[in-house]
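Okay, structure first, notes after.
Within every chain, numbering begins at 1; the chains are lettered A, B, ... in the order of the sequence lines, protein sequences first and strands thereafter. Below, all heavy atoms of this structure are taken into account, side chains as well, without hydrogens, waters or symmetry copies.
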Amino acid sequence: DVKVTQSSRYLVKRTGEKVFLECVQDMDHENMFWYRQDPGLGLRLIYFSYDVKMKEKGDIPEGYSVSREKKERFSLILESASTNQTSMYLCASTAEENNEQFFGPGTRLTVL
Amino acid sequence: DAKTTQPTSMDCAEGRAANLPCNHSTISGNEYVYWYRQIHSQGPQYIIHGLKNNETNEMASLIITEDRKSSTLILPHATLRDTAVYYCIAAAGNTPLVFGKGTRLSVIA
């Protein structure tokens with residue numbers, strides 16, 4: 001059974017903390033994506049990666065960075081968490097030349 | 001990516017077919033039509049996609065008009081578990097998907 005896993009379902013952090021959200025896929029997919037989802041705003045793309053050590057900015061990259069050191073793992077980093085980064089974060093992956101995205105269960109992050 | 005337009009919400013009686021429309025009048029020749037759904041508190045789930053021809057799988061059927069300016073997702077026998085937000089997206093093969101607001105489908109017993 002194909003799977004995208006995210007490190008935490010729920011996370012509470014304080015303003016100014018450095019936050020790591022981890023995503024791992026076991027499908028040998030080339031492409032990986034990070035979205036955030038907020039009520040009334042839908043899913044918005046933060047960053048994506050088409051290959052190891054490669055990253056591309058999505059629609060809302062400000063305040064975030066990413067790391068892809070291994071094909072199966074794509075990390076989202078909040079260098080200094082702020083309250084407006086409280087959100088549901090969703091990771092997804094696809095095979096090359098394909099947009100059948102497989103999503104993880106999401107991490108609900110609260111920044112106090 | 002081409003913009004898509006979907007109704008905000010729809011109701012469907014359990015056991016009946018749910019027909020979800022989508023307009024994508026500016027779709028390019030190399031853009032596919034993708035459908036995803038998101039059940040409350042879960043990540044989106046891929047349903048089906050197509051380019052020109054109608055498609056069917058175990059979950060749904062996708063009917064694309066000949067001019068490709070609109071499409072309809074059909075759930076042949078809707079169940080309560082099909083209650084979700086359904087997203088229609090037009091995108092080329094490997095470009096990131098842009099999720100709009102989708103259609104909130106409520107299946108009613």
Is [X] linked to [Y] within one hydrophobic cluster, defined over Ile, Leu, Val, Met, Phe, Trp and Tyr using a side-chain heavy-atom separation of less than 4.5 Å?
X        : Y       : value
A:Tyr10  : A:Val19 : no
A:Val111 : A:Leu90 : no
B:Tyr34  : B:Leu75 : no

[X] atom [atom1]: more than 12 heavy-atom contacts under 6.0 Å:
X        : atom1 : result
B:Tyr46  : OH    : yes
B:Arg104 : CZ    : no
A:Lys71  : NZ    : yes

Taking the side chain as every heavy atom from C-beta outward, state whether [X] and [Y] have any atom pair closer than 4.5 Å.
X       : Y        : value
B:Pro96 : A:Tyr47  : no
A:Tyr35 : B:Leu97  : yes
B:Ile89 : A:Gln101 : no

Rounded distance [0.5 Å steps], CD in A:Glu100 versus CD1 in B:Ile48: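 With rounding to 0.5 Å, CD (A:Glu100) is 10.0 Å from CD1 (B:Ile48).
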
Partner chain B: residue of A:Phe33, A:Tyr50, A:Phe48 with the largest heavy-atom pair count (under 4.5 Å):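 Highest number of heavy-atom pairs under 4.5 Å: A:Tyr50.
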
Atom group of B:Tyr87 that falls short of 4.5 Å from chain A, counting heavy atoms: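 Contact with chain A: side chain only.
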
Proximity breakdown for A:Glu56 and chain B, heavy-atom pairs closer than 4.5 Å: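 A:Glu56 has no heavy atom closer than 4.5 Å to chain B.
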
Side chain, backbone, both or neither of A:Leu43 within contact of chain B (heavy atoms, under 4.5 Å):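 The answer is both parts of A:Leu43.
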
